[in-house]
Amino acid sequence: MSLIDWLIVIIPVCIVMYAGWNIRKYMTGVADYMVGGRVCRRYVLTTANMANALGLITLAAYIEVHYKTGFALAFWSSLTLPISVMISLSGYCLYRFRETRALSIGQFFEMRYNRSLRIFACFLRSIAEMMANIIMPAIAARFFIAYLDLPRTVSIFGFAFPTFMIITAITLTLAISLIYWGGTLSIVVTDTIQGLMCFPLIVIFVFFTLIKFSWPTEIVQVMADRAAGESFLSPYDISGLRDFNLFMLFVTFFGMFLHTASGVTGGSNCAISAHEGKMGSILGAWRGAFTTIFYVVIAIGIITIMNHKNFAGEAKIIRTNISQSIANELIPDTKERAEFMAKIKAIPASNHTIGKDKPLSQTQNLDTVYYQTAQKMFGTDGEGSSKAQQYKTIFNQLMLPMAMRQMLPTGLAGLFCLMIVVFIISTDDSRIYSASATLVQDCIVPFFKNETLTPERHVALIRWISIGVGVFFFFGSYFMAQIDYINMFVSIMYGMWMGGCGPMIVFGFYSRFGTAAGAWASLVAGMLINMSGIIFQRTWATHIYPMLESNGWVDIVGNFLSTVSKPLNPYVVWEMNRMKFPINSYEVYFIAMFTSLVLYIVVSLLTYKEPFNLDRMLHRGKYAIEGEKKIHMEWSFKNVFSKLIGITPEYTRSDRIIARSVFTYSFIYKFAIAFVLVAVWNIFSPWPLEWWGHYFLITQLIIPGIAATLTCVWFTAGSSRDLVLLYRALKNRVANPLDNGMVDGHVALSDKAEFAKLDESKKDTDKQ
């Protein structure tokens, strides 16, 4: 990059870090560090969450999925928006979590179940979260090495240090510094500033991609050039897709209802009120249209440049550079690496002509020859198969930096690098803080008595544990070999927690019959099923398959798996594979979720003794806190629509407009018109691929592009105002020293004295 590009990156990052350092002077207690003092308003919440969601790992995962599946699957995945909007409008789970006033999900567990479950569940969550995110620094390091064309080692004072480790150390240091200075306060403020930076940058890259590539003569041609059953355009011709298919979407939809609150941290509870938090969630659903279009245009650009004949020379350079970067990492011997690269360079640029040559497929495409060359190099034994799988995995990841490096001119190269740095900081600090805060708040704090845990000591614990988690990420990212797609890796690792926690959270909020025994059964079952899947996946190529092969069991096990999965073909196909465990991560994850749901209900009903006091936990009725009392609206014919979309008397006029606008966009346009009407039309008169090309141009780019432009202006103004209000509120608030996440007798310590008075008052009233 040029000097201009470097200045574009460095100056905004310095501004972000200064804001994170400066906010520390407003910290007056544990609640400030943990939940931002509960003074955040809707636009700050929405923009901060957008920056948190726009991660490099998310973008890389999106590219992996759509490079393999195109956009036909996006037609069916569009159902995600109305489901998520309905969840947001209803305040499902998150509204009740805010009502508990818990500083963490673990505090809620102790209030709802018991202390031992809190400690075990949150320890499991932290471990699962750390393992799922351990590849983040590695992805960041590989990205910068590839994008900036950095050497593998850097000499400092005569000592050679791996560039990989230096970049990892820098990115983790930036993230941990923000956590150290102000915890959730620093994260929310800096994420909001980073989100404000991202708004115009996303719009810029949308226009650049659409100008560089021709939609009808390049993009649509590439999308249409796919084998039967693997269409990139027609959603009715995708039965041949594996891994990322309709079953994956079903698992996603199922998980949305179970896991709305499974990933909440202190930052999820920092809204100034439950209603304001709900509005932030609703705006977040609208924001999704803005963030998704950025992923879409980047994916379109990469798919086109890698597969269209007009860019064959550039694609050859990209693939060669990717292979060189991987060889430097996986092949330590200089001579062997040179031999491998000689074979890679000997592969000619693609001469594939769309419409003349055989359409591309998942097994036979322009990348296949590179995978085959790597497989021959590494061999077919256990270790060789594992290396070949790593090559394929890293190849897919490096497509993003190598392609963008090839495409972008001066200025835009710096802006894209800035976006990636912003993505990395905003996701790294949130993930590290989530794991460390959970470990302290829910695995260490319960062992203390309030008198021995001062606010200063409490915050210091989180800071030191955050540093420890950062060190774990630093070394773990270097030694952890990723052998699957990012989404698959994260799904099964985080599934140790997510596989069994959903029922205990959902029924904990909404049922009076759920018991601690049911929660234990659910959590342990989900954990064991996913752990088994992890073990099988990571040892399949090196140990399990060779063991089956040496004992002559490959056909026996293969026939069994094939028979079991046959009723769900072609969406679930368990076939023997030397390199990869036949059951993918989404399938393991679903088995865990379904099993845990059944166990929670059955065990809870068997061990149920008396109804749980939900009103007390949710601060409702006589337990309502002054300033947060809810006004309930009765059902009537006139307000049935308002009730259905979650509108209550708390809503102002502008709140109602926002809620109805989001509902109209999501359900009237996105669901009823762009999905249901189109689906019915194709039942009676199937569209040609050309029509699907027009459809995706309108629904994936033009309309979201208009919405993104409006959102950029709207959210920038709202976030700037709410950020000013946040600073004012922090100056004027008075911290409660008992608001530290401790629980006594299913009641938060900060509420115990007040609730005792209310219960005594109720007893006196009953006597009279």
Side-chain angles (χ1 to χ4, degrees), residues 83 87 92-94 96-97 104-106 108-132 247-264 434 438 442-443 487-537 564-565 568 572 581 583-608 612:
I83 293 174
I87 288 173
Y92 175 68
C93 286
L94 296 180
R96 292 200 170 198
F97 178 65
S104 65
I105 195 69
F108 157 69
F109 287 151
E110 185 171 352
M111 293 161 65
R112 182 61 178 84
Y113 300 109
N114 57 49
R115 182 168 297 179
S116 59
L117 180 67
R118 171 184 185 173
I119 295 170
F120 177 80
C122 292
F123 180 76
L124 175 64
R125 173 186 169 170
S126 295
I127 296 301
E129 193 167 22
M130 289 162 62
M131 293 304 298
F247 182 78
M248 176 203 72
L249 289 181
F250 171 75
V251 174
T252 301
F253 298 152
F254 186 68
M256 288 175 71
F257 290 100
L258 280 181
H259 296 132
T260 296
S262 297
V264 296
S434 177
T438 301
D442 302 310
C443 302
N487 279 348
M488 295 288 188
F489 180 90
V490 172
S491 174
I492 197 162
M493 287 295 182
Y494 206 21
M496 289 189 293
W497 157 252
M498 299 280 276
C501 72
M504 59 190 276
I505 294 176
V506 174
F507 286 95
F509 284 131
Y510 290 98
S511 80
R512 297 179 187 272
F513 75 85
T515 66
W520 275 106
S522 169
L523 188 65
V524 172
M527 176 192 70
L528 293 177
I529 291 171
N530 271 278
M531 285 182 66
S532 300
I534 292 170
I535 293 170
F536 272 88
Q537 284 191 357
V564 171
S565 67
L568 297 176
V572 177
F581 182 47
I583 305 175
N584 72 32
S585 299
Y586 283 112
E587 292 156 0
V588 174
Y589 180 38
F590 175 75
I591 294 170
M593 284 195 296
F594 184 77
T595 303
S596 67
L597 177 62
V598 172
L599 283 175
Y600 181 93
I601 295 173
V602 172
V603 175
S604 289
L605 290 175
L606 290 174
T607 57
Y608 173 77
F612 181 79

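Computed over heavy atoms, backbone and side chain alike; hydrogens, waters and symmetry mates excluded. Fair warning: this is a prediction, and the values are worked out from it, not measured in the lab.
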### Query
Do other residues, nucleotides or ligands put more than 12 heavy atoms under 6.0 Å from F123 CZ?
no
### Task
Give a yes or no on whether Y608 atom OH has more than 12 heavy-atom contacts from other residues, nucleotides or ligands under 6.0 Å away.
yes
Anything under 3.5 Å between a donor and an acceptor, one on a side chain of residues 525-533, the other on a protein residue two or more places apart or in another chain? List them.
residue, atom, partner, partner atom, Å
N530, ND2, G495, O, 3.0
N530, ND2, G526, O, 3.2
S532, OG, L528, O, 2.8

### Message
According to side-chain contact (heavy atoms from CB on, under 4.5 Å), who are the partners of F594, at least two apart in sequence or on a separate chain?
### Response
F590, V598
### Task
Could you go through the side-chain contact (heavy atoms from CB on, under 4.5 Å) check for F257 and V506 one step at a time?
CA-CA 8 Å; F257 290 100; V506 174; over 6 Å; no
### Message
Do R112 and F612 form a cation-pi contact, if we require the NZ or CZ to be under 6.0 Å from the six-membered ring centre and within 45 degrees of the ring's axis?
### Response
yes
#### Entry: Sub-4.5 Å side-chain heavy-atom contact between I601 and F507
yes
### Task
Calculate, to the nearest 0.5 Å, the distance between atoms CD1 and SG belonging to I105 and C501 respectively.
8.0 Å
### Query
How long is the gap from CG on D442 to OG on S126, to the nearest 0.5 Å?
7.5 Å
### Query
Do you know the tightest heavy-atom contact between G508 and Y600?
N-OH, 4.1 Å
### Summary
dist E129:CD -> S434:OG (nearest 0.5 Å) comes out at 3.0 Å
### Summary
Taken in chain and number order and not counting sequence neighbours, the residues that satisfy side-chain contact (heavy atoms from CB on, under 4.5 Å) with I535 are T539
### Message
So, taking the atom named CZ in R118 and the one named CE in M111, what distance separates them when rounded to the nearest 0.5 Å?
### Response
9.5 Å
### Query
Rounded to the nearest 0.5 Å, how far apart are CE of M593 and CZ of F254?
5.5 Å
### Query
Does V572 have any side-chain contact (heavy atoms from CB on, under 4.5 Å) partners at least two apart in sequence or in another chain, and if so, which?
F247, S565, L568, W574, E587
### Task
Check whether any side-chain heavy atom of Y113 lies under 4.5 Å from a side-chain heavy atom of M504, and answer yes or no.
yes
### Query
Do the side chains of I119 and R115 get nearer than 4.5 Å, heavy atoms only?
yes
### Task
Indicate the atoms forming the closest heavy-atom contact of S596 with G499, along with that distance.
OG-O, 2.9 Å
### Query
What is the distance from atom SG of C93 to atom OH of Y510, rounded to the nearest 0.5 Å?
4.5 Å
### Message
Can you give me the closest heavy-atom contact between W497 and A128, atom names plus distance?
### Response
CB-CB, 3.8 Å
### Y589: side-chain hydrogen bond (donor to acceptor under 3.5 Å, both in side chains) partners, not counting sequence neighbours
H259
### Task
Give me the ring orientation class for F97 and F108: parallel if the planes are under 30° apart, tilted from 30 to 60°, perpendicular past 60°.
perpendicular
### Distance-only polar pair, side chains of Q537 and S585, donor-acceptor under 3.5 Å
yes
Name the atoms and distances for all side-chain donor-acceptor pairs under 3.5 Å in residues 514-523, with sequence neighbours left out.
residue, atom, partner, partner atom, Å
T515, OG1, G518, N, 3.2
T515, OG1, T607, OG1, 2.8
S522, OG, G500, O, 2.4

